[in-house]
Engineer: 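One structure coming up, written as structure tokens, with questions to follow.
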Amino acid sequence: MEEFAGSERKIDVASARINWAIFAVGIATVLHSIYNVFFAQGLITKPLVHLALTSTIVLLVMLRRKRSLARVLWVVALAAIIYSSLSYIFVVQDTLYIRIGFQPWTQVAFMFTVLAVIFYLSWVMFGPVFAVSASIFMAYVYVGDASWLPDLLRTADTSFKRATATLSFQAVGGQIIELSATFLFMLLAMGALLQSSGGAAFIWSLSRGITRRVSGGAGLVAVVSSSTVATFTGGGAANAGITGVITIPMMKKTGYTPEQAAAIEAVASVAGAVTPPILGTAAFIMADFIGVSYIDIVIATIFPAVLFYMGLATYISLQAKRDNLAASIEEFIPQSSGKQTMVAAAQLVLPMGVLMTLLVNDLSVQLSVLLTIVTILVVWGVVWLLANRGVIQPDPEWKTWRRSLTSAFILASGIAMAAATLDVMLSAITQTGLGLRVASLVVDWGQGILILTLAIGIGLSYVLGLGLPPLPVYVITAVLLAPAMVKLGAPLMVAHYVMFYTGMVFPNINPPVASTVLVTGQMAGANYMKASIEATKYAGGAMYLPFLVFFAPEIMLVGVSVVSPQFWLIFLTVATAIFVGQAGLVGYFGGRMPLLVRATALLAPVSTFAFLYAHEPTEFSTNFMWIFAHFWSLVWFIVSLFTFAVPLAYGFRGVVVRSARTRVETPVS
């Protein structure tokens, strides 16, 4: 027993040392990103150094997972290979760029070696998805001129040397790995600091105050808390792990089934990926693809996010009324003192306020993130002094700061490996001309009809999401499918947003994959498939949203301002459609809906979509005469009014009747 205890202690000590090493290399990587803010480097020096540091973290993770002599030797060998290859490329980077495709075989061998190791390390971090997907695209470059390929897919002849050199150069100097080296690593570090700052206490207090007297209180707490945390973590399964440990037991104890609790937490967490100001990694890539500033993306996505949460909150509230779920949550979230709440609010609101202010004033994302990190640390220092003097109680989250940062460094390093593989995919699509051919093919399939092309694009995006994580789904669809929609007249921002939204949301909550539901379902002890189906119901409004936004670009402030009548007319129309559609899904509004009323409510999003499809945005005016501009616009306007009026009239009548009955039954004191 003593020998066993001694070996356990040795393992613990070894793990602690590896964690410290990961933390130290992570800090070095952050410092390198900060250095990039102020000083220019060589042609591809920045991503090369970034890859060297992040690959070191991945190698340390391999050691932490399993420590044996064979594993140590393997890690040392990989380190020697990657460091020597990156160093060689660093030395000859200028000639590599000048002679791209015409390098000697020695240089090509070093570049191919880097490519192979990066693919392997991405496999270590995320499984085979990224590596296999990139390998398929890479193989297509080599065999694209084969006679057995159909004419549509056949490419021009290319040599192995030229193809390998171009693909490898993109892996170590492409636009996505450039984003990772510039600010994504710092961004994830900022999110980890916010997570450990004590601001979470403010989120719980805010959730308690907003939802304690509202139907479905525990479910709405999950929405408010999970979505708020997700705005600086980027959403998804990681976010569910932070908030779900509190919200899921709370929901189960107040009457929600395990499947419902898992579904609500999953949908609320995923929403963070499409909610400003962070939006997740893909949003930064979207800004780069479209050629706009990141703050433009933030502003454009505000109102779609509002509609997302409105639909989710509507379903939860109406379901709670229908099933008489308990509203009291006070036993789960204890009341904090006003002083503690103010301190917690400062630790969250001040840094996020600084970040948004800097972005709005057109400061670069990397400098904005850097100054936000400085703000977090300054606020921490002030709070630490107050706690030391006994003015406030120290927040227990502070103790987790190093662990949170270490986890963020590991995730960011994995993303760096994935970014390099994504650059290979983009390079393959560009070299072969696949993007233009697929865009033309999608236009042909859609027969020049925008709505059909949209349906094909969303369908293909969902199918890709069954086997790929959200990030590569967006990258592939942005390059292959978005151009087809733009070619048929869709606004560039909207076409990319729909692909971004579909890749971020649909595969995470819809069966058969529903990756975030897989995490929350395990936490709730729920049946996975039933929880996935529940998540699809709760996210009904989220399912309608991309179709409604696509033909109502005003919601993304495309061509209109936030104070214009056109914007508010469209926004309120879409909001009403989502509300009525969600009421139809629940089957309750002011009372249980008869079948005919429920069917009418379910048609509201469809009729609204048809109305938006029939109108021309340029025909908007401050009066409403544009409604009568086209026959079908008028027809669908009348149908929409009907599908709105019937469920709303029934629901408000039920609310009035129930309110009057309550007044009669309440004894006068």
Side-chain angles (χ1 to χ4, degrees), residues 207 210-228 247 251 254-256 260-261 263-272 274-275 302-327 329 501 505 509 533-549 552 555 570-593 597-609 640 643-655 658:
S207 304
I210 291 175
T211 62
R212 62 180 176 175
R213 302 300 181 194
V214 182
S215 298
L220 292 182
V221 164
V223 174
V224 175
S225 59
S226 299
S227 59
T228 306
T247 59
M251 285 187 279
T254 54
Y256 288 92
Q260 290 171 340
I264 291 172
E265 178 60 38
V267 176
S269 294
V270 165
V274 292
T275 304
I302 289 173
F303 290 100
V306 170
L307 292 170
F308 187 115
Y309 290 123
M310 190 210 76
L312 177 57
T314 296
Y315 193 104
I316 292 171
S317 296
L318 294 179
Q319 182 194 51
K321 282 281 190 184
R322 184 194 68 188
D323 298 341
N324 295 315
L325 296 175
I329 58 171
Y501 180 97
V505 175
I509 56 178
I533 294 170
E534 285 293 329
T536 303
K537 291 183 193 175
Y538 282 106
M543 301 297 109
Y544 314 139
L545 195 57
F547 295 94
L548 295 171
V549 168
I555 293 173
I570 290 295
F571 179 80
L572 293 175
T573 300
V574 172
T576 304
I578 290 175
F579 175 85
V580 174
Q582 291 293 79
L585 277 175
V586 179
Y588 183 97
F589 178 42
R592 290 186 179 271
M593 288 181 170
V597 175
R598 187 175 185 181
T600 305
L602 287 170
L603 285 173
V606 179
S607 64
T608 303
F609 171 71
S640 296
T643 58
F644 286 2
V646 172
L648 290 175
Y650 177 86
F652 285 124
R653 173 185 170 277
V655 170
R658 289 167 68 90

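When a residue number appears, it is its place in the shown sequence, counting from 1.
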Engineer: Who passes side chain to side chain contact (heavy atoms under 4.5 Å, CB included) against F609, sequence neighbours left out?
Structural biologist: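 Here the qualifying residues are I451, F547, L548, F551.
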
Engineer: Y501: which residues meet the side chain to side chain donor-acceptor pair (under 3.5 Å) condition with it, sequence neighbours left out?
Structural biologist: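 Applying side chain to side chain donor-acceptor pair (under 3.5 Å) to Y501 gives none.
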
Engineer: Quick check: closest heavy atoms across A539 and V267, and the distance to 0.1 Å?
Structural biologist: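 Distance-wise, the nearest heavy atoms are CB-CG1, 4.0 Å.
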
Engineer: How long is the span from the CZ atom in R598 to the CG atom in L602, to the nearest 0.5 Å?
Structural biologist: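 If we round to the nearest 0.5 Å, R598:CZ and L602:CG are 6.5 Å apart.
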
Engineer: About how many Å separate OG1 of T608 and CD1 of I570, when rounded to the nearest 0.5 Å?
Structural biologist: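 Result: 9.5 Å between the selected atoms.
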
Engineer: V646: what forms a side chain to side chain contact (heavy atoms under 4.5 Å, CB included) with it, not counting sequence neighbours?
Structural biologist: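 Partners of V646 under the side chain to side chain contact (heavy atoms under 4.5 Å, CB included) test: V597, T600, F642.
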
Engineer: Which heavy atom of V580 sits nearest a heavy atom of P647, and at what distance?
Structural biologist: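 Heavy-atom minimum between the residues: CG1-CG, 3.7 Å.
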
Engineer: Listed by chain and number, what are the ring-ring contact (aromatic ring centres under 6.0 Å, His included) partners of F303, not counting sequence neighbours?
Structural biologist: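 F567, F571.
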
Engineer: Please name the pair of heavy atoms, one in A535 and one in I509, separated by the smallest distance, quoted to 0.1 Å.
Structural biologist: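 Smallest heavy-atom distance, with atoms named: CB-O, 3.6 Å.
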
Engineer: Checking S607 now: which residues fulfil side chain to side chain contact (heavy atoms under 4.5 Å, CB included) with it, not counting sequence neighbours?
Structural biologist: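 S607: side chain to side chain contact (heavy atoms under 4.5 Å, CB included) contacts with W636, V639, S640, T643.
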
Engineer: Please enumerate all residues that pass side chain to side chain donor-acceptor pair (under 3.5 Å) together with T536, with sequence neighbours excluded.
Structural biologist: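 Testing T536 for side chain to side chain donor-acceptor pair (under 3.5 Å), a comparison that skips the adjacent residues, returns N510.
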
Engineer: Write down the atom of G591, the atom of Y650, and the distance for their closest heavy-atom approach.
Structural biologist: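 Minimum heavy-atom separation between G591 and Y650: O-CE2, 4.2 Å.
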
Engineer: Could you report the tightest heavy-atom contact between M593 and Y588, atom names first, then the distance?
Structural biologist: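 That closest heavy-atom pairing would be CG-N, 4.1 Å.
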
Engineer: Any side-chain heavy atom of Y256 sitting closer than 4.5 Å to one from I316?
Structural biologist: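 They are in side-chain contact.
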
Engineer: Considering non-hydrogen atoms only, spot the tightest contact between A601 and G584 and give its length.
Structural biologist: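 What the structure gives for the nearest pair is CB-CA, 3.7 Å.
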
Engineer: Y315: which residues meet the ring-ring contact (aromatic ring centres under 6.0 Å, His included) condition with it, sequence neighbours left out?
Structural biologist: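 With neighbours one apart ignored, the set is Y538.
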
Engineer: Identify, with sequence neighbours excluded, every residue that meets side chain to side chain donor-acceptor pair (under 3.5 Å) alongside E534.
Structural biologist: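 None.
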
Engineer: When rounded to the nearest 0.5 angstrom, what distance separates CE in M310 from OG1 in T576?
Structural biologist: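 Nearest 0.5 Å value for the CE-OG1 distance: 7.5 Å.
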
